[in-house]
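Inspection log for the structure reproduced underneath, given as structure tokens.
Note that the numbering runs from 1 along the sequence shown for the chain. Just so we're clear, the structure is a prediction, and the values are computed from it rather than from any experiment. All values below come from the heavy atoms of this structure, side chains included, with hydrogens, waters and symmetry mates left out.
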Amino acid sequence: MGLKKPSYLSSTLMLAGVLALGACVTINVYFPAAEAQQAAEEFVEKVLGDDLTPAPTEAVNPQSFQAPARRSFDFASLFISSAHAQSADITIRTPAIQAIQDRMAARFQASLQAQFSSGALGFGKDGRVVLRDATKVSLKDRVAVTQLVAEENRDRDAVYREIAVANGHPEWEAQIRETFARQWVASARAGWWYQAADGSWKQK
């Protein structure tokens, strides 16, 4: 007795099962913390005026090159787009972000740096600038400094939001802000003030 050919109904059920399996695949796009940290460091150092020196590249020995091992076929990749399959990256090179960065750098070099050095300003725990000690600003300059701080914080809020949006994940804004908040402190010069997690002020 010969083998019975699969019916049309059986083929349809099999295809439906495969599609159902694909629908069960959950795609989680995790926040790329390491890439965000690198982007924040590049951005902050440009604003503060010290560009990072690139690490020297080592010569590659052609004989040491090995072809990558062949990867086995991943059935789940049929249901995951290449955009999700690739590792996420953080870009800060859009016209909007660059324009904000240029404004912040000019403002910092022209006015804010001196106020940080005097101790009047400090880096807030939320990634913003805080007028920490107004008594260190002369009376005639207090209105101007207050205005500069407000402008700086508008740009900072805007750039955290813009970086998240530019990378296709507006929901990353809070994490971008946290990353930058840490980097402002890490890049702060000796003697500058910053706000700890509990709100207290510390001098670097």
Side-chain angles (χ1 to χ4, degrees), residues 15-48 50-58 60 65-105 122-130 152-188 194-200 202 204:
L15 177 60
V18 170
L19 293 177
L21 176 62
C24 293
V25 176
T26 301
I27 301 174
N28 293 321
V29 180
Y30 295 101
F31 178 68
E35 290 80 1
Q37 185 64 48
Q38 183 177 357
E41 185 176 3
E42 178 185 341
F43 186 98
V44 169
E45 290 294 334
K46 177 69 179 296
V47 170
L48 299 186
D50 289 341
D51 292 329
L52 296 177
T53 303
T57 55
E58 298 179 1
V60 177
F65 176 78
Q66 295 180 351
R70 294 183 63 184
R71 294 183 299 178
S72 60
F73 177 73
D74 183 5
F75 182 75
S77 65
L78 291 173
F79 309 101
I80 303 177
S81 67
S82 59
H84 289 296
Q86 296 174 355
S87 59
D89 195 7
I90 295 289
T91 180
I92 56 173
R93 302 187 183 283
T94 69
I97 295 171
Q98 293 292 297
I100 298 173
Q101 185 182 44
D102 290 343
R103 283 201 307 270
M104 291 173 65
F123 291 114
K125 63 180 181 179
D126 59 355
R128 304 177 103 220
V129 172
V130 178
E152 176 73 7
N153 286 332
R154 277 197 296 270
D155 275 344
R156 289 186 178 217
D157 292 342
V159 82
Y160 303 148
R161 180 173 59 254
E162 184 63 32
I163 290 173
V165 171
N167 286 277
H169 291 278
E171 71 278 9
W172 286 353
E173 181 180 344
Q175 291 163 293
I176 293 289
R177 179 184 291 274
E178 291 173 3
T179 303
F180 269 75
R182 291 191 298 269
Q183 187 58 49
W184 290 115
V185 174
S187 297
Y194 65 93
Q195 198 174 29
D198 61 1
S200 63
K202 299 181 181 298
K204 192 166 181 183

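Applying side chain to side chain donor-acceptor pair (under 3.5 Å) to Ser187 and the options Lys204, Glu45, Arg182 leaves one that passes, Glu45.
From Gln38, atom CD reaches atom CZ of Phe43 across 15.0 Å, with rounding to the nearest 0.5 Å. Between atom CD1 of residue Ile176 and atom CD of residue Glu171 there is a gap of 10.5 Å, rounded to the nearest 0.5 Å. Here the straight-line distance linking atom NZ of Lys46 with atom CG of Asp102 works out to 5.5 Å at 0.5 Å rounding. For the atom pair CG of Asp126 and CD of Glu178, the computed distance is 10.5 Å after rounding to the nearest 0.5 Å. Expressed to the nearest 0.5 Å, how far CE of Met104 lies from CD of Glu152 amounts to 4.0 Å. Taken to the nearest 0.5 Å, the CZ atom of Phe180 stands 13.5 Å off from the CD atom of Gln175.
Closest approach of Ala40 and Thr179 over heavy atoms only: CB-CG2, 4.0 Å. Residues Pro32 and Trp172 come closest through the heavy atom pair CD-CH2, 3.3 Å. Annotation for Gln101 and Glu42: closest pair NE2-O, 4.2 Å, computed over non-hydrogen atoms. Residue Ile97 comes nearest to Thr91 through the heavy atom pair CD1-O, 4.1 Å, listed as atom of the first residue, atom of the second, then distance. Among all heavy-atom pairs drawn from Gly127 and Ala181, the shortest one is N-CB, 3.5 Å. Contact between Asp155 and Ile100 at its shortest, heavy atoms only, is O-CG2, 3.6 Å.
Note on ring orientation: taking the six-membered ring where Trp is involved, the planes of Trp184 and Phe123 are parallel (angle under 30°, cut-offs 30° and 60°).
Here the side chain of Gln195 pairs no donor or acceptor atom with the backbone of Gly124 at under 3.5 angstrom.
At most 12 heavy atoms of other shown residues, nucleotides or ligands fall within 6.0 angstrom of atom NZ in Lys202.
Between Asp157 and Arg128 there is a salt bridge, since a side-chain N of the basic residue sits under 4.0 Å from a carboxylate O of the acidic one.
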